**Q** 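The structure's right below; bear with me while I get my questions together.
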Amino acid sequence: MRIEPGDSFWLEKEVFSSAERQYYETISRRKTSLPDPAATKEPVCAPNIAAPAKKAKKKNKTMAEKAPNKLLYMNPLTMEANFFLETLNAVNQNANPPQLDPHLAKLLERIMVGIENYMDRNPTYVMPQEMAAPGEGVAFVQPKELQTIKRTFNCSACCNRLVGTTIAKAVAHLSEQHPNPNPNNQPIQSQPAHQAKQERKQAQVKARQHMTVQLPKKAKAMIVGEITNVFKDKYPIADKLKVIPEYDIIEQDLCKLLSPGFPKQSLRVYKFGSRITGIGNRSSDLDVFVDIGNTFHTFEHRASNATIAKLRAMRKFFCVSNDWRLINFIEQARVPIIKTCHLPTGIECDICLNSLGFCNTNLLKYIFESQPLTQYMCIYVKNWLERCKLTEQISTYSITLMVIYFLQLQNLLPPIAILQMEEPANQGVLVGPWVVNFAQKSFSELGLQQLQATVPVVKGFLRNFFVYFAKFDYEHFLVCPYFGQPNVEIQKFEQMLHARYSAYVSENPDCSLQLKKPMVVQDPIQLNHNVTKAVTKFGLQTFVDYCLQTAELLEDPSTNWRQRHT
């Protein structure tokens, strides 16, 4: 492209950049019954351009009267050319005419010769073929038809038809009414002529069910690699992150920041999440529950207006603080959170007003310390989940509950219901209707074996874990760490729960456990919460396919996975 110098002949480029707008303004003025006298005295373009002669105006008016009523098409290039010529004419009136580029001059000459040849043929108005005489007229393409072709010029109405690389070819293809719609002889599935949109969607879902999704390369590399490398890097960091001095600094700064906003209410900070349980990493967020006004025992299935108002009040303090940077305020979530970063430590925090996350963390810490095999398996499947890019639907907490349920079936972990049996010496602590405390009994008291987490043991249980959930009947059964028993039927499940659940659901019908989902994993403390309710049918099928392929890779690690899948 030729770059023109600033002092070139094109003096008023900004004035002529809105040619199309000025053209339509001229059209609208022509439609008025009486022309504006003031408009006839001023030029259409720049002040330094001479106004068109009266004869030219009269000619334009005559052309407009003879033109068809409906404006069919006008190339913007014709408008730009008109302004260009007027500008060139105005510049040529100066004492020193500009020196044009020889190539540009040759192009202008070709254009002028072409226009003269066209005018010598005594042409009529450009009209569509259906309105013109036989053999004359132009095949116009409607704008809505042009929109069916993407920028890559693939015609959606044809079977794998590449129209071309220029819009001219695309217009010709449409104007010729899709010639040769199947040039590559692609197989076309026979479908009803008027198939409903819903039926087509069901067909796509059915096709997905029979489609096997291949494991991502990063996940395969982790599976076929040495399992000791995963734990050598991940386990020491995860174990160290459970207790670090930075957490005390965050707690102190958080209390210092929020206390002035709630001077008449008590304020206490509780830390929870993957960092505290021992399966986090350096990029993990620190989850924080801020108890303002002794709300630990208050349960809200969905955050109330008062809770959201309190979070909004807290948000203002993060916005003006020099020690905190507000990242996001997720107000519409089931548990609204403030995402922020503590700048002195560089740790990102998710701050909420719901105490159940802290209660879940206490349960996981007890399980990980009592049966270390659980912690190793959760670290592995957490990284597997991230490499498979499934974390948008299946959370770390969800896959952790699935590991716990699997080990309960191996008689290596106790059912949560047994730990929460309300004995006289162990009164239940409630958050709303849910019992959140449990008896931290030793495994010898529970009659359970504590396994040593060696590499062969961890690898064997991981393989069996993936096999189990690859073959799990998600349609009829749910994952239930609360009861910790196999074959918990979805249809009969609510009848098995204690009276406290039934009483709460009867008073709040919209707050029952969401069982009509492709995948049901019940929270062992908040019993009406399906932690995998966001999983879609295709997401579940992808998870099942990944589990099956992972189990195969873990079964025979000596064979290269590329050789076995070719």
Side-chain angles (χ1 to χ4, degrees), residues 356 359-360 362-364 366-368 370-371 373-375 377-378 381 394 397-423 426 428 433-451 457 460-502 504-505 512-533 535 540 543-544 547 551:
L356 287 177
C359 302
N360 293 333
N362 287 338
L363 177 62
L364 296 184
Y366 161 74
I367 292 175
F368 291 165
S370 302
Q371 190 67 275
L373 171 66
T374 316
Q375 183 180 2
M377 290 182 65
C378 288
V381 297
I394 302 176
Y397 181 58
S398 302
I399 201 80
T400 300
L401 293 181
M402 296 173 74
V403 171
I404 291 173
Y405 180 67
F406 170 74
L407 293 179
Q408 286 173 336
L409 302 183
Q410 315 305 315
N411 201 30
L412 293 174
L413 288 176
I416 309 306
I418 293 179
L419 298 178
Q420 290 186 334
M421 290 181 64
E422 297 182 15
E423 301 175 359
N426 180 31
W434 317 121
V435 179
V436 298
N437 66 327
F438 53 91
Q440 299 191 23
K441 298 180 180 180
S442 64
F443 272 33
S444 59
E445 294 180 71
L446 298 170
L448 300 176
Q449 180 185 6
Q450 189 180 61
L451 294 181
V457 170
F461 276 101
L462 281 171
R463 180 192 171 275
N464 294 335
F465 167 84
F466 287 112
V467 169
Y468 178 78
F469 284 107
K471 300 179 179 179
F472 190 84
D473 186 0
Y474 297 94
E475 184 178 357
H476 299 98
F477 302 103
L478 73 153
V479 177
C480 180
Y482 181 73
F483 288 123
Q485 62 188 40
N487 302 328
V488 181
E489 295 187 40
I490 292 177
Q491 291 184 347
K492 303 178 181 179
F493 176 68
E494 289 188 296
Q495 303 172 6
M496 301 169 58
L497 293 172
H498 51 63
R500 189 178 287 111
Y501 171 86
S502 303
Y504 175 76
V505 171
S512 60
L513 180 65
Q514 294 179 303
L515 297 172
K516 295 181 180 180
K517 295 290 182 179
M519 187 178 189
V520 183
V521 178
Q522 186 199 29
D523 190 303
I525 291 182
Q526 185 184 343
L527 300 181
N528 71 332
H529 184 206
N530 175 13
V531 297
T532 55
K533 62 180 181 296
V535 178
L540 175 59
F543 173 76
V544 169
C547 285

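Please read all numbers here as calculations on a predicted model, not as lab measurements.
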**Q** Find the distance between CG (L409) and CD1 (I404) and round it off to the nearest 0.5 Å.
**A**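 Spacing of CG (L409) from CD1 (I404) equals 12.0 Å.
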**Q** Are the side chains of N362 and V436 in touch, meaning some heavy atoms are under 4.5 Å apart?
**A**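 N362 vs V436: side chains apart.
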**Q** Show the nearest heavy-atom pair for residues I399 and I394, with the distance to one decimal.
**A**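 In terms of heavy atoms, the two residues are closest at N-CG2, 4.3 Å.
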**Q** Could you tell me whether the side chain of N530 and the main chain of V521 form a donor-acceptor pair under 3.5 Å?
**A**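 Yes: the side chain of N530 pairs with the backbone of V521.
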**Q** Restricting to non-hydrogen atoms, name the atom on Y366 and the atom on Q440 that form the minimum distance, rounded to 0.1 Å.
**A**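 So the minimum-distance heavy-atom pair works out to CE1-CA, 3.6 Å.
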**Q** Where do S512 and V505 come nearest, in terms of heavy atoms and distance?
**A**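 Nearest pair, atom of S512 first, then V505: CB-CG1, 3.7 Å.
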**Q** Taking all heavy atoms of L446 and all of P414, pick out the closest pair and write down the distance.
**A**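 Residues L446 and P414, closest heavy atoms: CD1-CG, 3.7 Å.
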**Q** Please answer whether the main-chain N or O of L451 pairs with a side-chain N or O of Q371 as donor and acceptor at a distance below 3.5 Å.
**A**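 Yes, the answer is positive, given that a donor and an acceptor are paired below the 3.5 Å cut-off.
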**Q** Yes or no on side-chain contact (heavy atoms from CB on, under 4.5 Å) for Y397 and D523, after CA distance, side-chain angles and deciding distance?
**A** CA-CA 9 Å; Y397 181 58; D523 190 303; 3.2 Å; yes
**Q** Could you tell me whether the side chain of V381 reaches within less than 4.5 Å of the side chain of L462, counting heavy atoms only?
**A**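 Yes, their side chains come closer than 4.5 Å.
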**Q** Would you tabulate the side-chain donor-acceptor contacts of residues 469-482 under 3.5 Å, counting partners in other chains and residues two or more places apart, or write 'none'?
**A**
residue : atom : partner : partner atom : Å
D473    : OD1  : E475    : N            : 3.3
D473    : OD1  : H476    : ND1          : 3.3
D473    : OD2  : H476    : ND1          : 2.8
Y474    : OH   : F469    : O            : 2.7

**Q** Rounded to the nearest 0.5 Å, what separation is found between the CG atom of L363 and the OG1 atom of T400?
**A**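 Going from the CG atom of L363 to the OG1 atom of T400 covers 11.0 Å.
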**Q** Given 3.5 Å as the limit, does a donor-acceptor pair link the side chain of Q526 with the main chain of W434, or not?
**A**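 No, the answer is negative, given that no donor and acceptor are paired below the 3.5 Å cut-off.
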**Q** Just so I know, are the side chains of V535 and F543 near enough to count as touching, which here means a heavy-atom distance under 4.5 Å?
**A**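 Counting from C-beta outward, V535 and F543 never come under 4.5 Å.
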**Q** Within the 4.5 Å heavy-atom criterion, are I416 and Q522 side-chain neighbours or not?
**A**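 Counting from C-beta outward, I416 and Q522 never come under 4.5 Å.
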**Q** Between F461 and L412, does the side-chain contact (heavy atoms from CB on, under 4.5 Å) criterion hold? Intermediate values first, please.
**A** CA-CA 11 Å; F461 276 101; L412 293 174; 3.6 Å; yes
**Q** Measuring from atom CG of N411 to atom CD of Q449, what distance do you get when rounded to the nearest 0.5 angstrom?
**A**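 Atom-to-atom, N411:CG and Q449:CD are 9.0 Å apart.
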**Q** Go through the steps for Y468 and N464 under the test side-chain contact (heavy atoms from CB on, under 4.5 Å), then give the verdict.
**A** CA-CA 6 Å; Y468 178 78; N464 294 335; over 6 Å; no
**Q** Which side chain to side chain donor-acceptor pair (under 3.5 Å) pairs, counting each pair once, include a residue from residues 489-498, with sequence neighbours left out?
**A**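 Passing the test, one end in residues 489-498: E494-Y501.
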**Q** Relative to the ring of F465, is the ring of F406 parallel (under 30°), tilted (30 to 60°) or perpendicular (over 60°)?
**A**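 Plane angle over 60°, so perpendicular.
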**Q** Checking F443 now: which residues fulfil ring-ring contact (aromatic ring centres under 6.0 Å, His included) with it, not counting sequence neighbours?
**A**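 For F443, no residue satisfies ring-ring contact (aromatic ring centres under 6.0 Å, His included) once neighbours in sequence are set aside.
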**Q** Minimum heavy-atom separation for Q485 and Y405, please, with both atom names.
**A**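 So the two residues come closest at O-OH, 2.7 Å.
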**Q** Nearest 0.5 angstrom please: L407 CG to L448 CG, how far?
**A**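 Interatomic distance, L407 CG to L448 CG, rounded to 0.5 Å: 11.0 Å.
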**Q** Rounded to the nearest 0.5 Å, how far does CG of L401 lie from CG of L364?
**A**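 It is 7.0 Å, given to the nearest 0.5 Å.
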**Q** Would you name the heavy atoms of L513 and H529 that are closest together and state the gap between them?
**A**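 Closest pair (atom of L513, atom of H529, distance): CD1-C, 3.4 Å.
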**Q** Taking S398 for the side chain and V531 for the main chain, is one N or O donor matched with an acceptor at less than 3.5 Å?
**A**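 Yes; judged by distance alone, with no hydrogens or angles, the pair exists.
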**Q** Atom OG of S370 and atom NZ of K441: how far apart are they, to the nearest 0.5 Å?
**A**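 Between S370 OG and K441 NZ, I get 12.5 Å after rounding to 0.5 Å.
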